[in-house]
Structure formats: C-alpha cells, structure tokens
Protein chains: 2
Amino acid sequence: MSAPAPDPRRAEETAGGAAAAAVAGRDVSRLRLWLRMLDGSNLVQRAIRQRLRDAYNVTLPRFDLMAALDRAGPDGMTMGQLSRRLRVSNGNVTAVVDRLAKEGAVVRRSPPEDRRTSFIALTEEGRRQFAEMAVAHLGWIDDLLAGLDDAEVAELTRLMEKARTTAQARVDAAAGEQTGEPR
Amino acid sequence: MSAPAPDPRRAEETAGGAAAAAVAGRDVSRLRLWLRMLDGSNLVQRAIRQRLRDAYNVTLPRFDLMAALDRAGPDGMTMGQLSRRLRVSNGNVTAVVDRLAKEGAVVRRSPPEDRRTSFIALTEEGRRQFAEMAVAHLGWIDDLLAGLDDAEVAELTRLMEKARTTAQARVDAAAGEQTGEPR
DNA sequence: CTTAAACATTTTAAGCTTAAAATATTTATC
DNA sequence: GATAAATATTTTAAGCTTAAAATGTTTAAG
C-alpha cells in the first residue's frame, strides 16, 4: 500500500516558520511561478548590468534613457515624456539626465514659447555611443537566452505577454477601487 | 502579386535612430522576449511593493529578508548566509538588518566562540508580522496572475526555469573566461 | 609565540529610486 | 489685469544597492 501522492501545487507543512504554517495547504503554483520569473529576470538583469559596466562604464538606467532618446525624433523628448516612457519618477529623470549631460551624452533645450518644459536629446557622440552599446546588448541577450529554441522563445513571449496583460488589468482594477470609479 | 511578407523576428529599418540602423535585419526575437520578461516582472514587482507599503508600511527588501529568516531555524542566519541567499552585497545586508533591528523585527546575536560572526533571527513580533504579510502576499500574487489558467502557469513556470538555467550557464561560462578556468 | 593569511562584517562613496514639497511658468476665470 | 488652477520640473529626505576599503577576529605556518 502506498501513501497518497501529495499534490505538488499545495504547500507542505514539513519545514519553515510561522508563514509556512499559515500558508499550509494552499495552492502555491502561482507564487512559485512568480519566484521563477523574478529569479530569471534578476539573473539576466545582473549579467547585463555587469557587462554594460565592464564594457562601456555605463549603468542600465542611463542605457535605458539613451535608448528612449535614440528612438525619439531629432528634437528628443521632454522630461515628462521620459518619466512616463521609462516608468520612473520625475525626480529620477532629473538625476539621470544630469549625469548624462555632464558626460556630454545628452543636451537640454528649453523652447522659448514654454519655459517650463525642456527637451532632452542625444548629442552626436551620445548617439554614436548608444549605437555601439545597442549592438553589444543585442548580442548579450542572444547569448544569455541561446538555450531556448525558436519555438520556446515564441511560446514564452506569448505567455509573458499574457501574464503582463492580466496583471495590468488587476492593477488597474485596484487603482479604480481607490478612487471612486464610475460604475 | 503580393510583396513577400516580412519576417516578424527581424528588426525593421523604418523607424528609430542610429541603433535601429545598426541592428537592422538581425533576429530580435530573444531581445523582444527579454523586454517582455522585464516588463512583466517589473509590473508585478511594482504592484507588490505598493501593496506591502500601503498595507504594512514595509519594503520589499525587508520582506525578503524576513522571509529568509522565517524559513531558517530558531538560531536564524549569519550576515554572510543572508547575503548569499538574497544575492545582495554584504553592506546591503548590514543596512537592511540595521533598520529591521531598530523596528524590533529581528535581533543580532554573536556567539562567544567566534566574535567575527553574528546570527540574525526574527523576534516573536517579527515572526508574527511576517506570517500575516506572507498570507497577504500569496493572495496578491494569486490575484495578479489569476488570468493564467493552471496549464499556462505550469508551462510558463517550466519555460522560465529553463531560461534561468540556460542564462546561469552562460553567466558561469563568462565568469570562467575571466579567471583562468581549469581546462 | 609571532606573523601572515583567511574570514566576517561594517563603513564609505557613489549612484538609483521614490514620494512629497517647492519652484517656476502658463492657462483659465472673473 | 489679477488671481486661481493647472502644468513641468527640480529639490529634498529617506531608503536601496554596489564595489572597494577598512576593521576586527580567527586560523595556519613557522
């Protein structure tokens, strides 16, 4: 006679402290998925940060900001546009742009018709630097994810997109409950 | 006669700056996957940070550290064990433990036989707090990922695990090239 | 025993990040 | 035209994070 096989989706009671006890018996499959997602993306992110630093002495936030500007037109983008695009606070953009400007990678320009705003654009040198880094970056990602074949890449992309969409819907719903959302 | 359909895996030349030109024609499917992974995990992470803050006035690094301690035995863990487990620097653990200790959630103890080291453990109150937060945390993750059915959760977990493993192998290989790895 | 090496942690300097307050400018209202 | 509201950005205070240097302790070699 064999004991009944435990359901691998359920939390076990064998080890851990108070939290393990409180969560015992619940379905932890989505929690496990989240921990894998976090682990995987943190691993790749650490590797990319390290390589950007070693090869170009640049940080990921600066790389991301330059990437946004490289896609923008010749006028560049305003601080507010950068903040929304990169999903970081206004103050953060101010700080990162300050450093990039000091290095000569970007310039600030304020239009005379609205002196509140300022347009940030890559300099010639900044654009040249970014083009070089972008090619290396693409190569690093291909290297790090080379163990997935094309079908797996396509399936994983599809599922991550679905996960993102569903999570975004829940976040939006929670934000609606805060303010008085129109019924 | 119709024009040949463009391969969706290839980068197009239509828009963007110098980087878009430099990367034109290359397979960007893994890059696209990486951007989806980053987007998805950042979205969930932001939501969790927000909810931890609103509900318990706690940050994600403190929650993660308490989670590690909750799993550990009654003696807790040393600073070095925490640093390796959480994959953060020694100095970082010092800073986060300092704050948790000031709040009364953890205690430091140095064994008399080795005064270099120190064991960090949850206090009664810290353990109680964490148990409560862990239950809420599990609920939030289930909520945010509720749009994926059980089969999708299983498949996504499997693929993320594979992505992590392959990326780890590449990171290890790169580290080996740095030092003189034994042939 | 003395000294060097190894080990565990803390400190420091620099940078990233946010929320909230402050500043400056423009637009709308009376 | 004065005033209020809206808009765009910067500043500030607090916390997270790292790499590298510094500190204190233990172990190993002689």
Side-chain angles (χ1 to χ4, degrees), chain A residues 38 42 45-54 56-66 75-103 105-120 175 178, chain B residues 38 42 45-54 56-66 75-103 105-120 175 178:
Chain A
L38 202 52
N42 282 343
Q45 204 171 139
R46 260 194 307 277
I48 294 297
R49 284 181 198 270
Q50 186 67 55
R51 292 172 191 200
L52 278 174
R53 185 180 145 87
D54 291 348
Y56 301 104
N57 193 34
V58 96
T59 64
L60 189 53
R62 291 181 206 187
F63 178 82
D64 287 344
L65 199 149
M66 290 175 80
D75 289 348
M77 301 170 73
T78 69
M79 299 296 281
Q81 288 171 335
L82 281 166
S83 168
R84 282 185 295 276
R85 172 68 174 275
L86 302 172
R87 296 176 197 250
V88 297
S89 68
N90 285 343
N92 188 353
V93 176
T94 298
V96 176
V97 165
D98 279 352
R99 295 185 192 105
L100 283 172
K102 194 153 65 177
E103 292 169 4
V106 306
V107 285
R108 278 184 163 95
R109 268 169 300 137
S110 278
E113 73 273 16
D114 188 344
R115 303 209 314 286
R116 289 172 305 179
T117 201
S118 89
F119 283 87
I120 317 302
Q178 281 295 319
Chain B
L38 202 52
N42 282 342
Q45 204 171 138
R46 259 195 306 277
I48 294 297
R49 283 181 198 270
Q50 186 68 55
R51 291 172 192 201
L52 278 175
R53 186 180 144 88
D54 291 349
Y56 300 106
N57 193 36
V58 97
T59 64
L60 189 52
R62 291 180 207 188
F63 178 82
D64 287 344
L65 199 148
M66 290 176 80
D75 289 349
M77 301 170 72
T78 68
M79 300 296 281
Q81 287 171 336
L82 282 166
S83 168
R84 283 185 295 277
R85 171 69 172 276
L86 302 172
R87 296 178 197 246
V88 297
S89 67
N90 285 344
N92 188 354
V93 176
T94 298
V96 176
V97 165
D98 279 352
R99 295 185 192 105
L100 283 172
K102 193 153 64 177
E103 292 170 3
V106 306
V107 285
R108 278 183 163 97
R109 269 170 298 136
S110 280
E113 72 274 14
D114 188 345
R115 303 211 311 287
R116 288 173 303 181
T117 200
S118 88
F119 284 86
I120 316 302
Q178 281 294 320

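Residue numbers start from 1 in every chain, and the chains themselves are labelled A, B, ... in the order their sequence lines are given, proteins ahead of strands.
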Can any side-chain N or O of B:Ser83 pair as donor or acceptor with the backbone N or O of B:Val88 at less than 3.5 Å? yes

Please tell me if B:Arg108 has a side-chain N or O lying less than 4.0 Å from either OP1 or OP2 of C:dT10. yes

Touch class at under 4.0 angstrom, heavy-atom based, for A:Thr78 against every strand present: sugar-phosphate

Rounded to the nearest 0.5 Å, the CZ atom of B:Arg108 sits from the OG1 atom of B:Thr94 at a distance of 6.5 Å

Atom CD of A:Gln45 and atom C1' of C:dT17 are separated, to the nearest Å, by 13 Å

Is A:Thr117 close enough to D:dT7 that one of its side-chain N or O atoms is under 4.0 Å from OP1 or OP2 there? no

Flag the pair A:Glu103 / A:Leu100 as yes when at least one side-chain heavy-atom distance between them is below 4.5 Å, and no otherwise. yes

A:Glu113 CD to D:dT7 C1', in whole Å, measures 15 Å

I need the residues from residues 89-98 of chain A with at least one non-hydrogen atom less than 4.0 Å from DNA chain D; give them sorted by number, or say none. A:Asn90, A:Gly91, A:Thr94

Would one find a side-chain N or O of A:Arg116 under 4.0 angstrom from OP1 or OP2 of D:dT9? no

Of the nucleotides D:dT9, C:dA20, D:dA19, which has the atom closest to the A:Met79 side chain? D:dT9

Just wondering, do A:Leu60 and A:Gln45 contact through their side chains at under 4.5 Å, heavy atoms? yes

A:Ile120 side chain near A:Met79 side chain, heavy-atom distance below 4.5 Å: yes

Please give, in whole Å, the distance from D:dT7 P to A:Arg84 CZ? 11 Å

Whole Å only: how far is the CZ atom of B:Arg87 from the C1' atom of D:dT18? 16 Å

Scan A:Arg49 against the nucleic acid and name what it touches under 4.0 Å (heavy atoms): base, sugar-phosphate only, or nothing. nothing

We want to know whether A:Arg46 and A:Gln50 form a side-chain donor-acceptor pair, criterion being a heavy-atom distance below 3.5 angstrom. no

Select base, sugar-phosphate, or nothing to describe what A:Arg46 touches, counting heavy atoms under 4.0 Å on all strands. nothing

For A:Thr117, does its backbone N or O pair with a side-chain atom of A:Ser110 as donor and acceptor, under 3.5 Å? yes

In whole angstroms, the gap separating P of D:dC16 from CG of B:Leu65 amounts to 10 Å

According to a strict under-4.0 Å criterion, is A:Arg115 in side-chain N/O contact with OP1 or OP2 of C:dT26? yes

With a 4.0 Å cutoff (strictly under), does any side-chain N or O of B:Thr59 reach OP1 or OP2 of D:dC16? yes

Take the protein atom CD of A:Gln50 and the nucleotide atom P of D:dT18, then report the distance between them rounded to whole Å. 11 Å

